[in-house]
Amino acid sequence: MGLRAGPLEELIERAGGCAVIDGGLATELEALGADINDPLWSALCLISNPDLIKQVHLRYLEAGADILVTSSYQATIPGFLSKGLSIEEGEFLLRKTVKLAVEARDDFWKHLQKTSKHNYNHALVAASVGSYGAYLADGSEYSGQYGTDVNLEKLKDFHRRRLQVLVDAGPDLLAFETIPSKLEAQALAELLDEENIQIPSWICFSSVDGKHASSGESFKECLNILNRSDRISVVGINCASPQIIENLILEFRKLTKKAVAVYPNSGEVWDGRAKKWLPSECFGDHSFEVLAKRWRNSGASLIGGCCRTTPSTIQAISRVLKKQVLT
Ligand SMILES: C[S+](C)CC[C@H](N)C(=O)O
Ligand SMILES: N[C@@H](CCS)C(=O)O
Ligand SMILES: [Zn+2]
């Protein structure tokens with residue numbers, strides 16, 4: 001763990017060695033009736049129905065999430081500009097992503113104080129930073145194929161302003177999600193230094209084959225870069241199939257001393273062109289319950305769900321992780 005991991009380390013300890021991340025935000029927004037078939041995807045709700053985002057956060061807290069991931073995955077200033085919003089309006093919406101999660105956390109906690117006995121931890125708010133591919137809205141967060149004109153500086157420029165605005169809004173940590181390549185991981189690690197970011201970060205990669213980052217690069221190369229940064233407390237995998245997670249935890253544990261986070265999707269596959277999930281082997285709540293124990297025993301310190309997982313998935317994970325220590 002890095003030097004600045006105070007609140008995360010404490011949470012993991014309070015949670016008995018493994019804390020619970022929430023589940024798919026977009027998925028639950030859709031379950032509650034939101035139409036997010038748009039280049040902004042889940043971030044469209046910041047414009048159309050921000051209260052729904054708070055409701056989703058509350059559902060995940062009730063289910064037992066120790067960490068809320070904000071609605072900023074696909075929220076970017078250029079994305080908002082292309083919707084006709086101003087830079088100020090875009091920055092307001094970015095701050096709002098943190099505010100909605102903090103409000104949900106604080107309301108939930110206040111409500112719990114009236115209850116004599118409960119099993120919940122005071123949750124942390126992780127500001128989501130989706131990869132450049134998420135902004136491109138073409139599914140390239142699962143390939144890392146950004147085109148030949150994309151270099152380190154371009155990626156840093158893309159990420160810089162959103163990062164500054166999100167950090168100013170006061171989240172507990174940063175959650176870089178679905179990072180497909182070594183180049184983008186390096187851009188983020190350098191940016192955290194250049195911007196002198198003082199809150200802990202996790203950097204989670206996507207992976208298709210279960211052996212490499214989505215770009216095809218080895219995790220050894222990717223983690224060598226991240227291991228040099230104390231600002232990155234946690235590394236891991238998100239939005240990949242549950243099937244490949246256990247081996248990746250074991251591999252990551254060999255490649256880094258940092259804590260490992262895993263929050264896979266349901267196993268379904270995103271068709272970036274058609275903008276829909278393709279039916280494929282789908283892992284239900286019971287599979288997550290069984291697998292979460294294995295993931296914890298393999299050495300993951302943070303476990304949750306990504307796309308197509310729901311509050312009931314998180315409830316299953318939370319129950320099983322909080323019920324027992326090592327089995
Ligand atoms: C994590 S993917 C399912 C998010 C949506 C994607 N960036 C798109 O807009 O196509
Ligand atoms: N946390 C994101 C998904 C990342 S793949 C969201 O649901 O908006
Ligand atoms: Zn996802």
Side-chain angles (χ1 to χ4, degrees), residues 15 18-37 41-46 48-74 97 100-101 104-105 108 119-121 123-126 128 130 134 175 177-178 204 206 236-243 245 261-271 275-296 300 302-323:
C18 195
V20 178
I21 305 173
D22 65 5
L25 176 94
T27 304
E28 192 59 9
L29 286 170
E30 286 187 303
L32 296 180
D35 181 357
I36 56 169
N37 191 344
W41 197 52
S42 55
L44 183 66
C45 276
L46 289 161
S48 60
N49 193 352
D51 286 347
L52 206 63
I53 295 174
K54 186 168 167 185
Q55 268 187 55
V56 171
H57 288 321
L58 284 166
R59 285 182 176 217
Y60 279 119
L61 288 167
E62 277 159 23
D66 298 316
I67 300 181
L68 291 178
V69 180
T70 64
S71 47
S72 38
Y73 176 77
Q74 209 147 314
T97 64
L100 288 165
R105 187 263 312 271
F108 185 68
N119 211 5
Y120 291 100
N121 296 307
L124 295 182
V125 169
S128 169
E177 302 192 275
T178 341
C204 285
S206 57
I237 299 285
N238 79 288
C239 218
S241 169
Q243 208 168 358
I245 295 298
V262 291
Y263 55 115
N265 58 32
S266 63
E268 289 157 275
V269 173
W270 179 249
D271 180 338
K275 288 209 170 297
K276 60 176 193 198
W277 290 96
L278 301 174
S280 35
E281 193 186 359
C282 181
F283 290 68
D285 296 347
H286 181 66
S287 305
F288 268 87
E289 192 177 314
V290 174
L291 289 169
K293 264 199 259 180
R294 296 178 65 107
W295 298 336
R296 197 259 310 275
L302 293 164
I303 297 176
C306 203
C307 297
R308 310 289 280 172
T309 67
T310 68
S312 71
T313 319
I314 298 310
Q315 190 173 43
I317 294 175
S318 169
R319 283 207 179 130
V320 78
L321 293 183
K322 286 169 187 169
K323 191 161 70 196

Asker: To the nearest 0.5 angstrom, please state how far the OG atom of S72 sits from the CG atom of L100.
Answerer: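 CG of L100 is found 10.5 Å from OG of S72.
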
Asker: Can you sort out the partners of D35 under side-chain contact (heavy atoms from CB on, under 4.5 Å), two or more places apart, ordered by chain and number?
Answerer: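 In terms of side-chain contact (heavy atoms from CB on, under 4.5 Å), with neighbours along the sequence ignored, D35 is linked to N37.
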
Asker: Is any side-chain heavy atom of V269 closer than 4.5 Å to one of W277?
Answerer: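 They are not in contact (no side-chain heavy atoms under 4.5 Å apart), so the answer is no.
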
Asker: Going by side-chain contact (heavy atoms from CB on, under 4.5 Å), name the residues that satisfy it together with A123, two or more places apart in sequence or in a different chain.
Answerer: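 side-chain contact (heavy atoms from CB on, under 4.5 Å) list for A123, sorted by chain: L61, R105.
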
Asker: Using side chain to side chain contact (heavy atoms under 4.5 Å, CB included), reason through K54 and N49 one step at a time and then give a plain yes or no.
Answerer: CA-CA 10 Å; K54 186 168 167 185; N49 193 352; over 6 Å; no

Asker: Can you measure from SG (C18) to CZ (R296) and round to the nearest 0.5 angstrom?
Answerer: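 One finds 6.0 Å between SG of C18 and CZ of R296.
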
Asker: Looking at residues at least two apart in the chain, or sitting in another chain, which of them share a side-chain hydrogen bond (donor to acceptor under 3.5 Å, both in side chains) with D285?
Answerer: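 If we apply the side-chain hydrogen bond (donor to acceptor under 3.5 Å, both in side chains) test to D285, skipping adjacent residues, the hits are S312, T313.
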
Asker: Testing the basics here: between C282 and E268, what is the closest heavy-atom pair and its distance to 0.1 Å?
Answerer: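 Shortest heavy-atom separation between C282 and E268 comes out as SG-OE1, 3.5 Å.
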
Asker: Name all residues meeting the side-chain contact (heavy atoms from CB on, under 4.5 Å) criterion together with A134; count only those two or more places apart in sequence or in a different chain, and write none if there are none.
Answerer: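 Here the qualifying residues are Y73, Q74, S131, E141.
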
Asker: Say you draw a straight line from CD of E281 to OG of S241; how long is it, rounded to the nearest 0.5 Å?
Answerer: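 These two atoms lie 6.5 Å from each other.
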
Asker: Is the side chain of S280 donor-acceptor paired with the backbone N or O of L278 at a distance under 3.5 Å, no angle test?
Answerer: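 The answer is yes, because a donor-acceptor pair under 3.5 Å joins these two groups.
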
Asker: With rounding to the nearest 0.5 Å, note down the distance linking CD1 in I303 to CD1 in I317.
Answerer: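 It comes to 7.0 Å.
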
Asker: Among all residues two or more places apart in sequence or in another chain, which pass the ring pair (Phe, Tyr, Trp, His ring centres under 6.0 Å) test with Y263?
Answerer: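 Listed in chain order: W202.
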
Asker: For T97, check side-chain hydrogen bond (donor to acceptor under 3.5 Å, both in side chains) against everything at least two apart and list the hits.
Answerer: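 With neighbours one apart ignored, the set is empty.
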
Asker: Quick check against the 3.5 Å criterion: does K275 have a side-chain atom that pairs as donor or acceptor with the backbone of I36?
Answerer: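 Such a contact is absent between K275 side chain and I36 backbone.
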
Asker: How would you list, by chain and number, every residue that makes a side-chain hydrogen bond (donor to acceptor under 3.5 Å, both in side chains) with S206, sequence neighbours excluded?
Answerer: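 Here the qualifying residues are S214.
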
Asker: Checking F283 now: which residues fulfil ring pair (Phe, Tyr, Trp, His ring centres under 6.0 Å) with it, not counting sequence neighbours?
Answerer: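 Result, ring pair (Phe, Tyr, Trp, His ring centres under 6.0 Å) vs F283: none returned.
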
Asker: Minimum heavy-atom separation for C45 to A34, with atom names?
Answerer: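 The pair with the smallest heavy-atom distance is SG-CB, 3.6 Å.
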
Asker: Find the distance between CD1 (I237) and SG (C204) and round it off to the nearest 0.5 Å.
Answerer: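 Atom-to-atom, I237:CD1 and C204:SG are 7.5 Å apart.
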
Asker: Which atom pairs, donor and acceptor, lie under 3.5 Å between side-chain atoms of residues 20-30 and protein residues at least two apart or in another chain?
Answerer:
{"residue": "D22", "atom": "OD2", "partner": "V69", "partner atom": "N", "Å": "3.0"}
{"residue": "T27", "atom": "OG1", "partner": "R308", "partner atom": "N", "Å": "2.7"}
{"residue": "E28", "atom": "OE2", "partner": "R59", "partner atom": "NH1", "Å": "3.2"}

Asker: For a quick test of reading the model, state the closest non-hydrogen atom pair linking F288 to P242 and the distance between them.
Answerer: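 Scanning both residues completely, I find the closest heavy atoms to be CZ-CG, 3.9 Å.
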
Asker: Who pairs with N238 by side-chain hydrogen bond (donor to acceptor under 3.5 Å, both in side chains), at least two apart in sequence or on another chain?
Answerer: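 Here the qualifying residues are T178.
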
Asker: Does any part of the side chain of C307, heavy atoms only, come nearer than 4.5 Å to the side chain of C239, both counted from C-beta?
Answerer: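 Side chain of C239 against side chain of C307, heavy atoms only: contact under 4.5 Å found.
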
Asker: Which value, rounded to the nearest 0.5 Å, describes the distance between S318 atom OG and E62 atom CD?
Answerer: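 One gets 12.5 Å once the value is rounded to the nearest 0.5 Å.
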
Asker: Report the C-alpha distance between L302 and I67 in whole Å, list the side-chain angles of each, state the deciding distance to 0.1 Å, and finish with yes or no for side chain to side chain contact (heavy atoms under 4.5 Å, CB included).
Answerer: CA-CA 9 Å; L302 293 164; I67 300 181; 3.6 Å; yes

Asker: Between L46 and I53, does the side chain to side chain contact (heavy atoms under 4.5 Å, CB included) criterion hold? Intermediate values first, please.
Answerer: CA-CA 8 Å; L46 289 161; I53 295 174; 3.7 Å; yes

Asker: Applying side-chain contact (heavy atoms from CB on, under 4.5 Å), name anything that partners A101, two or more places apart in sequence or on another chain.
Answerer: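 With neighbours one apart ignored, the set is H57, L68, T70, V125.
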
Asker: Taking all heavy atoms of D66 and all of A19, pick out the closest pair and write down the distance.
Answerer: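 The pair with the smallest heavy-atom distance is OD2-CA, 3.5 Å.
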
Asker: Do T309 and N265 have side chains that approach each other closer than 4.5 Å (heavy atoms only, starting at C-beta)?
Answerer: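 No. Closest side-chain heavy atoms not under 4.5 Å.
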
